Amino acid sequence: MSEPAATDDAASTASSPPPPPPPAQHKSWADEADDDAAATDESTTATKEPSTSSPSLNVDELTIDENKTPLKLLDDPEDSNIQAVTSGDTPYTSAATFEDLNLSAELLKGLYVEMKFQKPSKIQAISLPMILNPPHRDLIAQAHNGSGKTTCFVLGMLSRVDPSMQAPQALCICPTRELAIQNTEVLRKMGKYTGISSECAVPTDSRDSLPIQKRAPIMAQVVIGTPGTIKKWISYKKLAVTRLKILVFDEADQMLAEDGFKDDSLRIMKEIEKFNSSCQVLLFSATFNETVKNFVERTVKRDHNKLFVKKEELSLDAVKQYKVRCPDELSKIEVIKDYIFELGENVGQTIIFVRTRQSAKMLHKSLVDMGYEVTSIQGALDHEARDKIVKEFRDGLTQVLISTDVLARGFDQQQVNLVINYDLPIKHTAEYTREFEPDYEVYLHRVGRAGRFGRKGAVFNLICDERDERLMSKIENHFGTRVSEVREKSVEDYKAALKEAGLLQ
DNA sequence: AAAAAAC
């Protein structure tokens with residue numbers, strides 16, 4: 001069951017000569033920015049430039065592969081809603097237990113004692129053999145919110161690191177500060193007994209940290225951070241990429257989206273590839289829309305593996321979705337305080353999502369003025385304030401957190417049972433069209449803040465005009481779900497909703 | 001007409 005795991009890593013630590021010293025980097029990385037940006041554009045149009053391995057060809061081959069190869073679905077018929085396409089003839093066996101994965105005793109202890117895990121979740125059972133076993137192919141993996149994606153790549157990073165080599169061997173890039181910190185904490189917890197060192201690459205307060213030029217090079221074996229800081233560390237040669245074995249993009253669809261972090265991500269990837277073409281790349285997210293899916297498949301190596309879920313099956317049944325029709329903006333606040341807060345007091349923590357920083361501030365002030373204890377977070381706050389607000393929420397000192405989409409993705413707080421969409425998420429792309437498009441991916445991610453790991457949860461969408469109605473029904477159609485209405489002033493409706501969601505007796 | 005992220 002677990003034969004293949006021993007060869008590659010073990011051999012390289014035991015018998016191969018020590019790795020060569022990092023080659024001298026003559027040019028500052030920042031100097032190349034312009035060339036790189038130009039090359040990047042070309043590769044996206046898939047016309048020329050063999051800087052990576054001819055992208056246009058890859059697409060064709062992948063398409064053929066997908067159609068011809070019967071899905072090598074693993075041994076569990078229940079997994080049929082996850083579509084797995086594996087590359088080549090490598091057989092993978094789904095891991096029924098963590099023991100099946102040939103993990104070190106220290107890592108197993110971390111999983112059982114620190115994380116209190118018993119056995120791999122579905123996505124873990126399928127993806128971990130692909131991540132851990134040679135030939136360590138790249139992987140694009142989609143899985144439901146709260147299904148344990150983080151464990152997949154954190155375990156991947158921890159088990160691929162050679163504990164005896166003090167150099168960065170695993171790098172994980174995340175879209176927000178909060179997610180980078182959270183992932184670092186998970187890694188430290190899971191890896192507690194392994195002795196593997198880690199560093200969180202996010203901006204620090206300039207007052208209590210050395211300027212980058214004076215800092216020592218990073219020796220940590222795993223680095224997790226946000227694009228800007230990682231780019232900076234690489235360009236100042238504080239983060240060496242030559243020993244990296246594994247590169248992870250969390251929320252990969254956002255990290256590679258045109259209006260996301262695509263340029264940064266591609267630049268980092270190219271820099272790593274330049275010194276180190278064998279580095280394994282993992283792309284994880286709950287969402288990959290067709291556009292970005294198409295693009296990311298050209299971003300990774302040709303012989304990658306992939307796991308996808310149908311969009312209809314992404315909306316968790318565990319989280320019940322409702323809509324409340326409010327006559328105007330002001331009545332949204334009434335609905336929140338007079339009904340949702342009133343009834344939702346003992347159902348756990350709540351996140352209220354808003355579209356803009358301004359409305360986060362406004363709503364925060366309104367609710368505080370009315371005597372409610374709420375906090376709010378958005379990207380314009382300084383780092384200290386952001387960290388403090390998240391910590392208070394995690395410690396349970398605050399029950400209600402107002403947030404922009406800074407926390408829409410990945411934020412894992414198991415006590416969150418209620419999500420309120422004060423505004424529905426909108427795509428900003430169609431600049432000159434009059435019709436608004438919902439941001440389906442952000443909607444799904446927001447909903448996913450409740451019902452972590454199969455827990456109960458409810459979402460209330462506050463809608464107040466024709467535009468909202470259309471957005472809401474588009475969302476329903478897209479995911480093939482029905483969002484039932486809770487009448488604005490009906491206590492009974494709210495009660496029934498919370499009962500149906502399993503949050504109220 | 002947005003949010004995120006480096007100075």
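Please read these numbers as outputs of a predicted model, since none were measured by experiment. Chain letters run A, B, ... following the sequence lines, proteins first, then strands; residues in each count from 1.
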For [X] and [N], what is the distance between atoms [atom1] and [atom2] respectively, to the nearest whole Å?
| X | N | atom1 | atom2 | value |
| --- | --- | --- | --- | --- |
| A:R386 | B:dA3 | CZ | P | 13 Å |
| A:F436 | B:dA1 | CZ | P | 11 Å |
| A:Q213 | B:dA6 | CD | C1' | 13 Å |
| A:I224 | B:dA5 | CD1 | P | 17 Å |
| A:D263 | B:dA6 | CG | P | 15 Å |
| A:I377 | B:dA3 | CD1 | P | 14 Å |
| A:I426 | B:dA1 | CD1 | P | 13 Å |
| A:D250 | B:dA4 | CG | P | 17 Å |

Determine: side-chain N/O of [X] to OP1/OP2 of [N], distance under 4.0 Å, yes or no.
| X | N | result |
| --- | --- | --- |
| A:T176 | B:dA3 | no |
| A:T404 | B:dA4 | yes |
| A:K232 | B:dC7 | yes |

*May I ask you to test the A:Q166-A:Q221 pair for a side-chain heavy-atom distance under 4.5 Å?*
yes
*With sequence neighbours left out, what residues match A:T204 under side chain to side chain contact (heavy atoms under 4.5 Å, CB included)?*
A:S209
*Please tell me which of A:R467 and A:P203 maps to the more 5' nucleotide of DNA chain B, matching each residue to the nucleotide holding its nearest heavy atom.*
A:R467
Among [options], which nucleotide sits nearest the side chain of [X]?
| X | options | result |
| --- | --- | --- |
| A:V406 | B:dC7, B:dA4, B:dA1 | B:dA4 |
| A:E178 | B:dA5, B:dA3, B:dA6 | B:dA5 |
| A:D259 | B:dA6, B:dA3, B:dA4 | B:dA3 |
| A:F261 | B:dA4, B:dA6, B:dA1 | B:dA4 |

*asked:* Considering every strand and a 4.0 Å limit on heavy-atom distances, what is the contact class for A:Q254: base, sugar-phosphate, or nothing?
replied: nothing
_DNA chain B-proximal residues of residues 352-361 of chain A, any heavy atom under 4.0 Å_ = A:R355, A:T356, A:R357
*Pair A:F261-A:I173, side chain to side chain contact (heavy atoms under 4.5 Å, CB included): steps then yes or no*: CA-CA 10 Å; A:F261 297 95; A:I173 310 177; over 6 Å; no
*Can you say whether the rings of A:F479 and A:Y440 are parallel (under 30°), tilted (30 to 60°) or perpendicular (over 60°)?*
perpendicular
*Stepwise, does the side chain to side chain contact (heavy atoms under 4.5 Å, CB included) test hold for A:K474 with A:E437?*
CA-CA 8 Å; A:K474 281 184 176 180; A:E437 230 5 64; 3.0 Å; yes
_One pair to check against side chain to side chain contact (heavy atoms under 4.5 Å, CB included): A:Y322 and A:Y494. What are the steps and the verdict?_
CA-CA 9 Å; A:Y322 302 99; A:Y494 291 95; over 6 Å; no
*Does a salt bridge link A:K238 with A:E199, judged by any charged N lying under 4.0 Å from a carboxylate O?*
no
